[in-house]
Amino acid sequence: MDKKVKQYYQLKQKQKEIEQELSELRSDIMNHCTEQGVSELEVGSYKVKIVLQERKEYDDNKLYAALPDPGVWRMLSKADSSKIASLIKLNVITEEKIKDTYSIKNVTLLQVDKK
């Protein structure tokens with residue numbers, strides 16, 4: 001068991017290092033694309049693409065106030081964007097009813113694929 005714990009610890013350390021390195025590389029690539037004014041780039045045999053996304057971040061208190069029905073709230077248990085989207089698609093709740101319960105967060109994704 002000692003060996004497994006040691007290996008786990010070492011792998012977690014490597015994971016932190018890799019995540020840090022990925023973060024730095026992501027930042028460098030994003031900065032390069034911004035400086036060049038491009039959202040797509042081909043580098044050697046790789047294709048780089050920057051994708052902008054909007055994500056809704058719900059305020060639990062506002063959402064609870066907008067959805068006072070305990071049955072609906074129990075289906076959510078907490079503000080979960082995918083569950084809320086499903087309830088809207090199923091017409092259990094309406095977008096209009098919860099329009100003031102979230103803020104929009106813009107997220108920039110970096111995709112690198114091999115050609």
Side-chain angles (χ1 to χ4, degrees):
M1 186 57 143
D2 185 48
K3 205 173 190 180
K4 287 182 180 183
V5 171
K6 181 180 178 181
Q7 182 181 11
Y8 180 85
Y9 176 81
Q10 289 171 340
L11 287 172
K12 289 299 279 184
Q13 292 304 112
K14 281 183 186 177
Q15 181 182 21
K16 287 179 188 176
E17 292 170 13
I18 289 170
E19 287 173 356
Q20 176 63 36
E21 190 173 349
L22 282 170
S23 176
E24 291 170 7
L25 289 169
R26 179 186 186 279
S27 180
D28 290 347
I29 294 167
M30 298 282 291
N31 288 337
H32 178 78
C33 289
T34 301
E35 289 168 3
Q36 299 299 312
V38 297
S39 62
E40 291 188 30
L41 183 66
E42 289 192 19
V43 179
S45 60
Y46 298 94
K47 183 175 182 178
V48 175
K49 187 175 187 180
I50 295 175
V51 180
L52 296 176
Q53 274 188 349
E54 283 187 352
R55 291 189 185 160
K56 293 179 181 176
E57 292 191 340
Y58 290 91
D59 180 307
D60 285 348
N61 294 325
K62 290 179 181 178
L63 190 62
Y64 185 75
L67 302 171
D69 180 352
V72 172
W73 190 249
R74 272 194 302 277
M75 284 188 252
L76 291 171
S77 75
K78 70 172 193 160
D80 179 312
S81 295
S82 61
K83 287 181 184 177
I84 294 168
S86 294
L87 290 174
I88 291 170
K89 283 182 184 174
L90 294 170
N91 292 318
V92 174
I93 59 176
T94 64
E95 183 77 39
E96 178 64 26
K97 190 168 192 173
I98 63 167
K99 68 179 179 176
D100 297 322
T101 66
Y102 58 85
S103 59
I104 300 291
K105 178 182 178 185
N106 289 317
V107 179
T108 303
L109 303 177
L110 174 66
Q111 297 176 342
V112 176
D113 296 309
K114 196 151 183 144
K115 287 195 259 178

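Only this structure's heavy atoms are used, side chains among them; waters, hydrogens and symmetry mates stay out.
Rounded to the nearest 0.5 Å, atoms CD (Q13) and OH (Y8) are 11.0 Å apart. The distance from the CZ atom of R26 to the CG atom of N31 is 10.0 Å, given to the nearest 0.5 Å. Going from atom CG of L22 over to atom CD of E24 covers 9.5 Å, rounded to the nearest 0.5 Å. The line from NZ of K4 to CD of Q7 is 9.0 Å long, rounded to the nearest 0.5 Å. Between the OG1 atom of T101 and the CG atom of D60 there is a distance of 9.5 Å, given to the nearest 0.5 Å.
For Q15, the side-chain contact (heavy atoms from CB on, under 4.5 Å) test picks out K12, E19, with sequence neighbours left out. For Q36, there are no side-chain hydrogen bond (donor to acceptor under 3.5 Å, both in side chains) partners at least two apart in sequence or on another chain.
I84 has its side chain out of reach of Y102: every pair of non-hydrogen atoms, C-beta onward, lies at least 4.5 Å apart.
Residues I104 and I88 fall within the same hydrophobic cluster, defined by Ile, Leu, Val, Met, Phe, Trp and Tyr side chains chained together at heavy-atom separations under 4.5 Å. Using a 4.5 Å cut-off between side-chain heavy atoms of Ile, Leu, Val, Met, Phe, Trp and Tyr, with links allowed through other members, V38 and L25 fall into different hydrophobic clusters. Using a 4.5 Å cut-off between side-chain heavy atoms of Ile, Leu, Val, Met, Phe, Trp and Tyr, with links allowed through other members, L90 and I93 fall into the same hydrophobic cluster.
Using a 4.0 Å cut-off between charged side-chain N and carboxylate O, E96 and K99 make a salt bridge.
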Donor-acceptor list for residues 41-56 side chains, cut-off 3.5 Å, not counting sequence neighbours:
| from | atom 1 | to | atom 2 | distance (Å) |
| --- | --- | --- | --- | --- |
| E42 | OE1 | K115 | NZ | 2.8 |
| Q53 | OE1 | R55 | NH2 | 3.4 |
| K56 | NZ | E95 | OE1 | 3.4 |
| K56 | NZ | E95 | OE2 | 2.9 |

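Using modelled atom types, one side-chain atom of T34 and one backbone atom of M30 make a donor-acceptor pair closer than 3.5 Å.
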